Structures are given as C-alpha cells and as structure tokens.
Amino acid sequence: MRTASPDQEALAWDPALTRTWERNRGVLGWLSAVNHKDIGRRFIYTALVFLFIGGLEALAMRTQLARASSDLLTEEFYNQLFTMHGTTMMFLFVVPILEGLAMYFAPLMLGARDMPFPRLNAFGYWSYLAGGVFVYVSFLTGEVPDGGWFAYVPLTDSEFSPGRNLDFWLLGVTLVEVSGIVGALEIVVLVLKHKVPGMALHRMPLFVWSVLVMAVMMLIAFPVLLTASVLLELQRKFGLPFYDSSAGGDPLLWQHLFWIFGHPEVYIQFIPAAGIVSTVVSSAARRPIVAYRYVVAALVATGIASFGLWVHHMFATGIPFLATTFFTAASLLIAIPSGIQVFAWLATLWQGRVRWSTSLWFVVGFVVIFVLGGITGVMVAVVPFDWQVHDSFFVVAHFHYVLLGGVVFPIFAGLHHWWPKITGRMLDERLGRWTFWLMFVGFNLGFFPQHVLGLEGMPRRVVTYPESSWELWNMLSTVGSFVLGVGFALFVVNVVLSRRRGALAGDDPWGGPTLEWATTSPPPPYNFRVQPHVHDVSPCWNPADDVDPSVTSLLEELEVPHDDQRETIGTSIVDAEPDEVVLIAKSSIWPLVVTLAIVAVLCGGLYDLVVPAVVGAVGAAAALVAWLWPGPSRTEVPA
Amino acid sequence: MSDWRELPPIAPARVPEARPGGLYGMALALGVLGVIGAVLLYSYAHLAANADAWPPPGTSRPSSWTLLAAGVLAPAAAMATTRAYHYAHADERDRVHVMGALVAATVLSTAALASMGVWLAGIDGASDHSFGAVVLVLGAYVAVALGVGVGGGLLVGAWVALGHAGTAPADSVRILRALHWFTAAAGVVVLPLLALGGGG
C-alpha cells in the first residue's frame, strides 16, 4: 500500500538521532514543533493558502472591471478588495513563502541540523499566522481594511477612516512584521554560525547568499514600517499628531517611512527569488553558475542600492529637483546588478548541458517577464514619464511584471524544483508544463493590456469606468487573469495527485549540486547522520576528499546524541572552521502561548478592553520567562 | 566558590575566541532596536525641519534633572553588568559576586527607568502638537529599552540565584551586558535631545 510519504524504515533514518530530533506525538507535539522543516513547511503551506485567497480577491476585481459601468461590486467592497489583495500578496504570501523556503532549505544547504533558535522560529510562524488571521477576521466584523496596502495618511487617519478597519490592518501587519524580523534574525545567525566545516563564505550556495542579503535587508527595513505603523496607531488611538498637518505633523512623513520600507521590500522579495533562479539554472545546466563571485556581488549591491530608491515612489509629491535627479539616477543604476545576474544565468545555460524541466520553464518565463518589468521600471524612473503615468494602470502593470513575473515565477520554479525533497514524491512534469504555460500566457494576457490602459489614462483603484476603448483592454485583462487562475489551480491538482500517487523521488532526482540533495527525501528530523565536510561550492558534485581527521572525528562524535541533547556543529563566520558544539533548543509550547497572549493584548487594544490587554501582557511576560528558562547546557564547559 | 554543575563534556565545547550564537542574536536584536531609534530620530528631524516653529511657542518641558539622572544611571547599570560578566567569566566562578553585581545593575536600571517614568509623566499637551508627540515617543523608547534591561537583569539574576542545573551564566550575562550598554548609548544620544532639542 502506498503511503503519503516514504516511511522512515525505507529511508533508513537513524533511530537514536530520530528519537532525539523528532517532534513529540499528538496535537500538543504538533503545536510544540520547532524543527526548521516543520516550521518551513507551515510557512510555505500557509502562504500558499493566502496566495489563493489573494488570487480570488483579484479575480473578483477583474470580473468587476471586465465591462464598463459594471455594478457587480460596491465601491466600498472594491476598496476593501484591492486593499486586502495588496496586503495579502505583499505581507502574507511572498515574503512568508520565501522565508519558508529559506527556513526549510538554508539549513540543509549549509549542512546544519536546525536553525540556531528554533523556538524563535516557531514564534515567527505563529505570529505570522496570527497576524494574517487578525487582518482577515475583519471580514467577520464587517470592518475590512480599505485604505490601500500602503495606507496613505490622511486617508487612513481616524478623521477619514473612523472605524476599526485600519486598526485591524495596522495591528495585524505589525504582528507579521515582527514575524519577519525574528525570522530574518534566525537566518543571519544560521548563516554566520551554523555552516558545516569547510563551507567558507565563498563556497556558500547562491540561494543561501540571497537569503542572507534578504534577511539583513529585512532587519533594516521591517522595523521602519513597524515604527511608522505604531506611530499611526498612536495617532488614531490617542491623537498624537505625527502625521496631522493641522498640529505640526506631516502626512509626507508616512510616505517617506512607508517607502523607506516599501522599496527595499520589493528587493527583499526579488533577491531570494534570484537565488532560486540561480539554484535551478545551475542544477538544470549541470554546471556551476557562471561568474559566481559577480553574482554574489550583484546580490549584495542590489540590496544596498535598494535603500536609496524610495523617493521614486514620491515623484508626484513635490520633491525638490535635486532629490528627484539623485533618485532617478539611483533607480537607473540598480538595473546594472540585475543585468549581471541575467547574463550570468544565460551564460550558465549556454555553457551547460541543459535538462529541461518545469522549474526551468518557470525560470525562462521569469527572465522574459522580469526583463520587460525592468524596462518599464526604467521608464517610470524618469520623472516626466512618471508624472504622466503616476497612479495609472501602467504602474499596476509594471509592478505586477516585476513582482508576479519576477518573484512568483521563481517561487514556482523553486516549488517544482524542491517539492520532491519536501515530500519525497515527484510532481507530474506534464501537469507542471501545463501549469507553466497557463500561467505564462494568462499573466501576459492579464497584465500587458494594463500598460495600454495606463497610457490611455485609466487610473488605478477605480471601481468602474465609462464605455470607451478601455473596455476591450479590460476584457482581455480579465480573461488573462482567469487563465492565470486556472494555472494556479492546476498546481494544486498536481500537488494532490503527487501526494496520492506521485513517483518516489529518491535522494537526488535532479542531480543537484548542493547539500540538500545529499540526504533523504524527505530529510530526517536531524538532516544528516554525520554532518558533511565540504571544500567546493558544489559539494555533491565535488565531495571533500582530503578531510582533516580531527574535523572528521568531531563530526562523527555528533553521530550519536549525548544525553539526548540536540547537537550541531558551530563554525567560524568566514572560513567555517569548527569552533563550537552547539546545543539546539527542544520543542516548546511557549512560543505559541506568547503569541496568543500578544493577540489578547491586540484585541484588548482594538476594542478598548482593559482586562484582556492586561491579562495578555502579564501572560506574555510569564510565558516568555518559561520559554527562556534554560535547560541543561554544555556550551560553556571547557574542553 | 565554584558550584555550577557541569555536564560531561564531549569534543571541544567551544574554542576560547568563539562567541556564542546568542550574542550574535542579541547584537542583531539591538540593531533592530537601533533602527527603530533611528526612525524616531528621523521623524523628529523631519518634523522639526518642516515646522514653522520648533518647539512651538508656549511649550513647556518637564525638568531635565530626571533625564540627567537616567543618563547617569543607565551607564552605571551597564558597568555593573560588565563587572558581573567578569566575575562569571573568571576561572573561579563566584556566585555571590555575580549575584551582587547583577543586583546592583538591576537596581540601577530600575532607578533609571523610574526617572524616565517621572519625566514622561510630566509631559503634557502631547496630543496638541507633533513636538510633544515625538518627544513622548522618544522618551518612551528609552524607557522601553531600560524596561527590557530590568526584565533581563531579573531573569538572569533568577537563573544565577536558583543555580539552574548545568547553566553557567557567562553567556547570559554577556548578552545582558550588550543590552545594557546599548541602552546607555541610546540614552546618550536621545536624552540630550529631549532636554535641549530645538531646530526648525
């Protein structure tokens, strides 16, 4: 009889290590899970659910816009839909799924056994889920956020948005931001300290480089929005006039703070997507990526430069001429590191022995769409052009080409590439190619006409429009969006069929170069029985042969768990020399309890209820102490 | 006395020059706190630069003596935590001296927090003008950092007092030391602005 995934015996998992590293049984065990693969999977699956919810919202909007003078949706509901669609895609789908992929695969690629602070990891997931649910609960109370995903003041001030709609948004998004920050912190420490011996910085997989850059950017960008949101909530709740021009405040302060976060956010999404593309390209071409060091430099340069672009979202607000000139130049310059990567991918494919797979098709689709989105990006970086198309459908088309084509296509490339590793079963290639072509054709049919609509003057965020030439382009766009939706649905069908009767994947179905393919599919709870030692950027293709015996004996010592402790190797930052045996925290229910207590505080604040707020605050503090209370430790025992 | 219960070692637990992962985690967390502080300072500067008058005419500020007290007490707490770390890190780990230094650090942090609380309570008209609002949140920012330091001091102190099995405190005290010095540095940057801040 076939099971949902290959069983432990067939995969020859080590019983002692499995006992030490696996999560506890039962519901409580499930709720207490902290292993990076459990948490990574939950991020990925939850984000996919949000993708489909956000997609349904988009289809509702496109249905409304298919015909002129349509009254399918009310103005109020349309405002809520475009707000929730943007919020869902930006905050609840793209970043979380990339974090999920990073949490699942970065430790495997580095040869580590888990993330450095697994309980913090679990807290990150629970607070993401709680934040997403918090925002969506507003549908039940009839107070759905309706101020757009960038929530411009004064529209979102209590004077013009007097209900709780925006409070749901501010508090929920803040919780999701906290989740992002703790996840980013985890990833940085993982990369700094938990690489296996020999995996010096210049041998790290490009996906790991990309999530390292992403995580550092998140640590800088996310606190900006978090602070701005808290200030707006303080204004709405207590009347502190940070953004109120009648009391010395400035609405433009919100725009600055939002886009200081918001523009890097685009690259926070693009950079790990580029890392996925590099991974898929190298595996498909069966050769290391061309110009590895230039690609790393391009990733880092893109991350740094992305913090100098935010004002190009505000060209229409009366920014001084000198500033617009600077930000135009910066916006044009960022095309250079992106171009380096595109050429590196093309050169790798050119020089490799290409094996076509669904994931590579998604990469090809990505390159085509992303280049088009990049070109329109350069167009809107030019101030006079930006003034003409600002807040028009041209901008909607541009950012969907960048974000859907430039990020979601690579995410689907990654999902098709890594799904066998996660589940132990292959996705169907034929269905995968149908998925790709439906998504590619649907996407272009859906969004290319929006360029024309924008150039013809159709503003974004309008519930309807008069009968005109816009109707044809809108109808085409709507048809395309439904074709795109069918593509997404077909992916779900493929996943379900794969779970029921997918071919067994084996350890390495693609002949991949990086360490995630050096363990079973799915990987055991401890990842590697003996953690590997590497001396090449493609350790599966070029295994280490002249290993230092002292390092080998240290790694073999960790093959047996001592005192039932979760042990992994810690190494130095640059050269990855072994310098520590790290004890990893075990499963805990406290991260979930802390999250629930925080939600009680937010609910108390939202409805002006003192008791839940106080109980939640005290409960959070108590649960935090229980969480942090140390277990037995060996980390400070002298040699 | 040396009474940390040690578990049997395997392999080298850590080479002497290596830093614990928790310290990197705390450094990054403090970086996040630093970004939040920078955003608040940027907001202050942006509002000051765009205001007709800053502070607005007729603004009254609470006495600066409490700010001065907080500004002195926060570095003193950090120094006490540094002492605790030296005791905990020494070959002869001495629970009494570690506890004494941690108690001193926590008392000093609490006193600094109380001083900030008194100063914050003296602000009025925060909802009348953005000046009062941004000054209030900057003061609250320092107070929250001090509060986290007090909580951390109590937690680490409890570990030491209860002699939890196998837990030697040097890593924890080291992490607490980073937090206290960050708070002291934040105080040095923010408190003069709160006491003297102008612009516009």
Side-chain angles (χ1 to χ4, degrees), chain A residues 116-117 120 181 184-186 188-189 192-194 219-220 222-224 226-228 230-231 234-235 238-244 247-250 252-253 256-257 260 553-554 557-558 562-563 567 570 572 577-582 621 624-625 628-639, chain B residues 4-22 24-25 28-29 31-40 42-43 46-47 50-54 56 91 126-134 136-137 141 151 154-155 158-159 164-172:
Chain A
F117 315 117
L120 197 61
I181 289 169
L185 189 147
E186 283 266 358
V188 174
V189 178
L192 294 183
K193 286 297 292 177
H194 287 225
L219 288 175
I220 298 168
F222 280 25
V224 179
L226 192 147
T227 311
V230 169
L231 296 185
L234 287 173
Q235 175 166 321
F238 302 106
L240 301 181
F242 303 102
Y243 309 115
D244 179 359
D250 186 2
L252 276 187
L253 175 61
H256 279 292
L257 294 180
I260 288 173
S553 68
L554 175 58
E557 185 124 25
L558 299 179
H562 300 80
D563 306 318
E567 298 157 326
S572 58
E577 298 286 344
D579 65 7
E580 189 176 4
V581 174
V582 182
L624 209 52
V625 170
L628 293 172
W629 199 257
S633 163
R634 220 174 10 229
T635 56
E636 297 188 358
V637 176
Chain B
W4 314 113
R5 188 165 72 78
E6 293 175 353
L7 296 172
I10 59 148
R14 182 189 299 155
V15 299
E17 63 273 19
R19 295 186 177 87
Y24 290 100
L28 293 171
V32 170
L33 271 179
V35 173
I36 291 173
V39 171
L40 294 176
Y42 171 82
S43 302
H46 179 94
L47 293 171
N50 289 288
D52 295 332
W54 190 268
D91 288 340
S127 58
D128 296 340
H129 194 276
S130 61
F131 174 79
V134 76
L136 181 71
V137 293
Y141 168 75
L154 290 172
L155 193 62
W159 295 343
H164 199 270
T167 306
D171 280 354
S172 307

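Only heavy atoms go into these numbers, but all of them, side chains included; no hydrogens, no water, no symmetry mates. For clarity, every value in this text was computed on a predicted model and none was experimentally measured. Numbers restart at 1 for each chain; the letters A, B, ... are given by sequence-line order, proteins then strands.
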- Closest approach of A/Phe242 and B/Val137, non-hydrogen atoms and distance? CZ-CG1, 3.5 Å
- Query: Under 4.5 Å between any side-chain heavy atoms of A/Phe222 and B/Val35, yes or no?
  - Reply: no
- Message: Can you tell me which portion of A/Phe117 sits under 4.5 Å from chain B's heavy atoms? Options are side chain, backbone, both or neither.
- Response: side chain
- Message: Using heavy-atom distances under 4.5 Å, tell me whether A/Leu234 contacts chain B through its side chain, its backbone, both, or neither.
- Response: side chain
- Message: What part of A/Leu257 gets within 4.5 angstrom of chain B, counting heavy atoms only: side chain, backbone, both, or neither?
- Response: side chain
- Max heavy-atom pair count under 4.5 Å with chain B, selected residue of A/Ala228, A/Ala184, A/Gly239: A/Gly239
- Message: Please give me the minimum heavy-atom distance between A/Gly248 and B/Ser130, naming the atom from each residue.
- Response: O-OG, 2.6 Å
- Top of A/Gly249, A/Pro241, A/Ala621 for chain B proximity - count of heavy-atom pairs under 4.5 angstrom: A/Pro241
- Query: With only heavy atoms counted, which part of B/His46 is less than 4.5 Å from chain A, the side chain, the backbone, both or neither?
  - Reply: side chain
- Message: I'd like to verify something: which residue of B/Leu47, B/Leu136, B/Asp128, B/Val134 has the highest number of heavy-atom pairs under 4.5 Å with chain A?
- Response: B/Leu47
- Closest heavy-atom pair, B/Gly25 versus A/Leu185, reported as atoms and distance to 0.1 Å, is O-CD1, 3.6 Å
- Message: Please identify which of these residues, A/Leu226, A/Leu231, A/Thr227, meets the side chain to side chain contact (heavy atoms under 4.5 Å, CB included) condition with B/Val39.
- Response: A/Thr227
- Which bit of A/His256 is near chain B, if near means a heavy-atom gap under 4.5 Å: side chain, backbone, both or neither? side chain
- Message: Tell me the closest heavy-atom pair linking A/Pro223 and B/Ile36, and the distance in Å.
- Response: CB-CG1, 3.8 Å
- What part of A/Leu192 lies closer than 4.5 angstrom to a heavy atom of chain B: side chain, backbone, both or neither? side chain
- Message: For chain A, which candidate among B/Gly31, B/Ser43, B/Ala38 shows the most heavy-atom pairs at distances under 4.5 Å?
- Response: B/Ser43
